[in-house]
Amino acid sequence: MSRRLSLHITIWSCLSLMILSACRAVPVAQESNPTPEDTAPVATAVTPTADGPDELAAIKEGIQATLDRYTQAYNENDAEIVEQLVAPGSGPFRRIFLAQFERDMRVFDRDFVFEHTVQEVTQRENSFVQALITVESGSVANWLFREVDGEWLFSEPTEELVGEPKMVETDHFIFYTYTWSEDVNATIMGMMEQSRETVEAKLGKLPEEKLRVYIKPASGVPLLGGGVGPGFYHRASSERVPDSISVLTPVSFAFRFYNPDKGWEPVLQDVLAHEYTHFVTDHAFVPLIEMAPWMYEGLAEYIIEENYDGLLQEIVEDDLFIPIVDTTRAYGKQDLEHMNIGLEEETAVDYALAYSLVVYITETYGGLEGFWALVEAYTPRRDFDDALQETFGVRYETFEQDWQDWVRTQYGS
């Protein structure tokens, strides 16, 4: 196995099983305006009537034919094929589906071979069929398809199909749930409470206000701005659009993949704790907009104790370090201070390095108290070198070298 291919497999694991896509920019929440493609009339859909093994086998065969074309598109980097695989009238899902393909193509090059196989199918409401998909790593995903003019195409229900949300208020949260995901709503609500306990135990304090949590049965429901992944923290843009977390159920394309032996719950539990850490940081410590992205992303990964051992070893062996501050240019900086807004190639590498930075600071400069002291010194001027000298008495060049040496010592082979 080539070193490059090994790294790709490690990144694929991070992309699929963890939270790489969960919270890229922590933007303000916003309403989305559908494009003409999103609102195109739905083509004739055939309601499955799989009353026996023969009918189910036929549906499975049709979905596999679509997956074969999807695999071809990935292995040949052919966006035109991908565009043909989305059912008309799929709403925001179409944009999410195409964006995920473009993102994957930026991460993987041609020495990574993709494969998608349908294992079993289950009928769902409104002419949808849920398919359990496996990929070459052994991970699985639950994707929805709809038959359109004889083809089984990728699709997800729109808000019109899932109906109005039901509000459930607890002591700490205001949940919005949909009947479509009734089988997992209670589980996810319990996981949100567990995330609150985890974050409180590690950070020591929580905001008083309740957080809104949207349990989304499909990628584009409700129409909140966000990233591609199982969870996203939305900073408030106004009183009308308050802070919230949107959470995808495992039966949605953007949830991505998980280990079938462990189930989807561990993936989502880490996602919820990560996103809730953003909310707590934003409201009980320092506003996220005043922090460098590596600070709040690294902190969230530190809180959930994400395992980046394998990827950090690859980073050391291939010397894939990203500078904390890009001092070589005034614009288009490629550094961890711009990991959510400026990196040309965003992979799990940036999250792993952000995590390692927080661990290094807590182990070297007095725990989380040292980390928060650095953040407080950084926020007024956004000058990392000045903040380091004020807080730790060390210049940026020395600090960065010491951090990288620490990573090499901890994770080098």
For the pair Tyr70 and Trp143, evaluate ring-ring contact (aromatic ring centres under 6.0 Å, His included) and give the outcome as yes or no after the intermediate values.
-> CA-CA 13 Å; Tyr70 186 61; Trp143 292 344; 5.8 Å; yes
Let me have the donor-acceptor pairs involving side chains of residues 174-182, under 3.5 Å, with sequence neighbours excluded, atom names and distances please.
residue: Ser181; atom: OG; partner: Tyr178; partner atom: O; Å: 3.3
residue: Ser181; atom: OG; partner: Asn185; partner atom: OD1; Å: 2.9

Donor-acceptor pair, [X] side chain versus [Y] backbone, under 3.5 Å?
X	Y	answer
Thr364	Ile361	no
Asn75	Val113	no
Asp335	Asp326	yes
Thr66	Leu153	no
Lys205	Ala284	yes
Glu156	Phe253	yes
Thr391	Leu388	no

Kindly indicate whether a cation-pi arrangement holds for Lys216 with Phe255, taking the cut-offs as under 6.0 Å to the six-membered ring centre and within 45° of the axis.
-> no
I'd like to check [X] versus [Y] (side-chain heavy atoms, cut-off strictly below 4.5 Å). Are they in contact?
X	Y	value
Leu299	Leu368	yes
Leu206	Arg196	yes
Asp243	His283	yes
His172	Leu211	no
Arg124	Val129	no
Met339	Ile322	no
Leu268	Val247	yes
Thr277	Val280	no

By side-chain contact (heavy atoms from CB on, under 4.5 Å), Ala387 pairs with (sequence neighbours left out) Leu374, Ala377, Tyr378
Would you please name every residue forming a side-chain contact (heavy atoms from CB on, under 4.5 Å) with Gln313, sequence neighbours left out?
-> Glu317, Ser413
With a 6.0 Å cut-off on ring centres, are [X] and [Y] close enough?
X	Y	answer
Tyr360	Trp406	yes
His116	Tyr74	yes
Phe384	Trp294	yes
Tyr276	Phe279	yes
Tyr365	Phe371	no
Phe97	Phe101	no

Trace of the side chain to side chain donor-acceptor pair (under 3.5 Å) decision for Gln269 with Ser195 | CA-CA 7 Å; Gln269 187 68 74; Ser195 296; 2.9 Å; yes
Could you walk me through whether Met189 and Val168 pass the side-chain contact (heavy atoms from CB on, under 4.5 Å) check?
-> CA-CA 10 Å; Met189 291 166 66; Val168 179; 3.5 Å; yes
Could you please spell out the steps behind the side-chain contact (heavy atoms from CB on, under 4.5 Å) verdict for Val286 and Tyr296?
-> CA-CA 10 Å; Val286 178; Tyr296 56 74; over 6 Å; no
Which heavy-atom pair separates [X] from [Y] by the least distance, and what is that distance?
X	Y	result
Tyr214	Ser244	CE1-CB, 3.8 Å
Asn77	Met105	OD1-CG, 3.1 Å
Ile315	Ala352	CD1-CB, 4.1 Å
Ile81	Leu85	O-CG, 3.3 Å
Ser219	Leu248	CA-CD2, 3.7 Å
Leu353	Leu320	CD1-O, 4.1 Å

Reported [atom1]-to-[atom2] distance for the pair [X] and [Y], which is rounded to 0.5 angstrom:
X	Y	atom1	atom2	value
Glu301	Asp270	CD	CG	8.0 Å
Arg408	Trp403	CZ	CH2	9.0 Å
Thr281	Met291	OG1	CE	6.0 Å
Phe285	Met295	CZ	CE	15.0 Å
Ile215	Lys166	CD1	NZ	11.0 Å
Arg69	Gln72	CZ	CD	8.0 Å

Check the pair Val121 / Trp152 against side-chain contact (heavy atoms from CB on, under 4.5 Å), numbers first and verdict last.
-> CA-CA 12 Å; Val121 295; Trp152 285 96; over 6 Å; no
What do the steps show when you test Tyr351 against Glu297 for side chain to side chain donor-acceptor pair (under 3.5 Å), and what is the final call?
-> CA-CA 7 Å; Tyr351 270 60; Glu297 297 295 5; 3.3 Å; yes
Side chain to side chain donor-acceptor pair (under 3.5 Å) assessment of Asn142 paired with Tyr258 | CA-CA 10 Å; Asn142 296 284; Tyr258 58 90; 2.9 Å; yes
Assess whether atom CD of Glu83 is packed by more than 12 heavy atoms of other residues, nucleotides or ligands within 6.0 Å.
-> yes
Counting only heavy atoms not in Glu169, do more than 12 fall under 6.0 Å of its CD?
-> yes
Aromatic rings Tyr233 and His278: how do their planes relate, parallel, tilted or perpendicular, breaks at 30° and 60°?
-> tilted
Are Asp104 and Arg256 ion-paired here, with the side-chain N under 4.0 Å from a carboxylate O?
-> yes
Are the charged groups of Lys202 and Glu305 less than 4.0 angstrom apart, N to O?
-> yes
Stepwise side-chain contact (heavy atoms from CB on, under 4.5 Å) check, Glu115 with Thr117 = CA-CA 7 Å; Glu115 182 179 350; Thr117 305; 3.8 Å; yes
Before giving the answer on ring-ring contact (aromatic ring centres under 6.0 Å, His included), spell out for Tyr308 and Tyr411 the whole-Å C-alpha distance, their side-chain angles and the decisive distance to 0.1 Å.
-> CA-CA 10 Å; Tyr308 282 114; Tyr411 300 99; 9.5 Å; no
Run the numbers on Gln64 and Asp68 for side chain to side chain donor-acceptor pair (under 3.5 Å), then give the verdict.
-> CA-CA 6 Å; Gln64 185 60 58; Asp68 289 343; 2.9 Å; yes
